[in-house]
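Quick note: numbers below take in every heavy atom, side chains included, and nothing from hydrogens, waters or symmetry partners.
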Amino acid sequence: MQGVPRQKVVLETHRAEWAEEFDRVKRQLQSMHGENAVNIQHVGSTAIDGIMAKPMLDVAVLFRRIDDSVFSGMAENGYVYYGEVASGKHLFILRGQNEVSLQHVHCYEVSNSGLFYEQLRFRDFLRSHPAYAREYEALKIKLLELYADDRKKYTAGKQAFFDKIKLLATQD
């Protein structure tokens, strides 16, 4: 995977290799965490066929428990911990040379799994509703034009769409 420079936004046409990359990363994470990792899913735009995405893998992992072994296992494999970015959501980032983000691994505990399943519902809704997937892609392109050098603003610009899909997915 090409990756994305830190704080930048880059979009690429969807690539079949992204699913293969996820399979490799999933096996690595399963090997790293064993039975503690109960569900590992490919999320984010690279998991939605046919739409442009940042060439960076997003992975959601549901753990029985998030403890010291998770933190040490991730660190030993080159991931940097970025904290609890939302209540119950821990973020690890794997970077390549020159601060290029290659993977974001979003980690959740079974006891607090709501955000994990929200990510899956969002992904699955867009996979099964191509018109909304194209709408999402168009929004991402517009936001790229506005915020190519500010990933925080780019991400914030997608929030209303996330909220809309979250609501639609619960009615679907």
- prompt: How many angstroms lie between CG in Leu126 and OH in Tyr136, if you round to the nearest 0.5 Å?
  reply: 7.5 Å

message: Applying a strict under-4.5 Å side-chain criterion to I, L, V, M, F, W and Y, I'd like to know whether Val9 and Val4 cluster together.
response: no

query: Trp18 and Ala53: which non-hydrogen atoms are nearest, and at how many Å?
result: CZ3-CB, 3.7 Å

message: Just so I know, are the side chains of His90 and Met74 near enough to count as touching, which here means a heavy-atom distance under 4.5 Å?
response: no

- prompt: Are Val59 and Leu29 close enough that some pair of their side-chain heavy atoms sits under 4.5 Å apart?
  reply: yes

- request: Using a cut-off of 6.0 Å, state whether more than 12 heavy atoms not belonging to Lys166 lie near its atom NZ.
  value: no

query: How far apart are the closest heavy atoms of Gln28 and Asn77, and which atoms are they?
result: NE2-OD1, 3.9 Å

Those residues that, when tested against His104, pass side chain to side chain contact (heavy atoms under 4.5 Å, CB included) (two or more places apart): Met56, Asp58, Leu91, Ile93, Ser101, His106, Arg151

message: I need the full list of salt bridge (charged side-chain N to carboxylate O under 4.0 Å, His left out) pairs touching residues 77-104, with sequence neighbours left out, sorted by first then second residue.
response: Arg6-Glu99, Arg95-Glu99

- prompt: Is Gln159 atom CD crowded by more than 12 heavy atoms from other residues, nucleotides or ligands, each under 6.0 Å away?
  reply: yes

- prompt: Would you say the side-chain atoms of Thr155 pair up with the backbone N or O of Lys152, donor to acceptor, closer than 3.5 Å?
  reply: no

field: SG on Cys107 to CZ on Phe92, rounded to 0.5 Å
entry: 5.0 Å

- request: Give the cluster check for Leu146 versus Leu11: same hydrophobic cluster or not, with ILVMFWY residues linked at side-chain heavy-atom distances below 4.5 Å.
  value: yes

message: Within this structure, what is the CG-CZ distance for the pair Leu120 and Phe125, rounded to the nearest 0.5 Å?
response: 15.0 Å

statement: Those residues at least two apart in sequence (or on a different chain) that pass side chain to side chain contact (heavy atoms under 4.5 Å, CB included) with Glu137 are Ile51, Met52, Ile141

- prompt: Hey, any chance Tyr117 and Ile66 share a hydrophobic cluster, counting ILVMFWY side chains that come within less than 4.5 Å of each other, even indirectly?
  reply: no

query: Is there a side-chain contact between Thr46 and Pro55 (heavy atoms, below 4.5 Å)?
result: no

statement: CG of Leu144 to CG of Leu139, rounded to nearest 0.5 Å, is 11.0 Å

task: Compare all side-chain heavy atoms of Leu115 with those of Tyr108 and state whether any distance is below 4.5 angstrom.
output: yes

- prompt: ring pair (Phe, Tyr, Trp, His ring centres under 6.0 Å): which pairs involve residues 34-62, sequence neighbours left out?
  reply: Phe22-His42

Any side-chain heavy-atom pair of Tyr154 and Lys54 under 4.5 Å: yes

message: Against Ser45, only a single residue in Lys158, His14, Lys140, Arg123 fulfils side-chain hydrogen bond (donor to acceptor under 3.5 Å, both in side chains); can you say which?
response: Lys140

- prompt: What's in the same ILVMFWY side-chain cluster as Leu102, cut-off under 4.5 Å, chained through other members?
  reply: Val100

- request: Check the pair Tyr132, Phe161 against ring-ring contact (aromatic ring centres under 6.0 Å, His included), reporting the backbone distance first and the verdict last.
  value: CA-CA 10 Å; Tyr132 285 108; Phe161 184 84; 7.1 Å; no

message: Please enumerate all residues that pass side chain to side chain contact (heavy atoms under 4.5 Å, CB included) together with Gln103, with sequence neighbours excluded.
response: Glu21, Arg24, Val25, Leu57, Tyr79, Leu94, Val105

- prompt: Mind checking whether Pro5 and Asn98 have side chains closer than 4.5 Å, heavy atoms only?
  reply: no

task: May I ask you to decide if Ala37's main-chain N or O and Gln30's side chain share a donor-acceptor pair within less than 3.5 Å?
output: yes

query: So if you build clusters from Ile, Leu, Val, Met, Phe, Trp, Tyr with side-chain heavy-atom gaps below 4.5 Å, do Phe162 and Ile48 land together?
result: yes

message: A quick test of your reading: do over 12 heavy atoms of other residues, nucleotides or ligands sit less than 6.0 Å from CG of Asp163?
response: yes

task: First locate atom CZ of Arg127, then atom CZ of Phe122, and finally report the distance between them rounded to the nearest 0.5 Å.
output: 12.0 Å

Value rounded to 0.5 Å, distance of CD1 in Ile40 from CG in Asp23: 11.0 Å

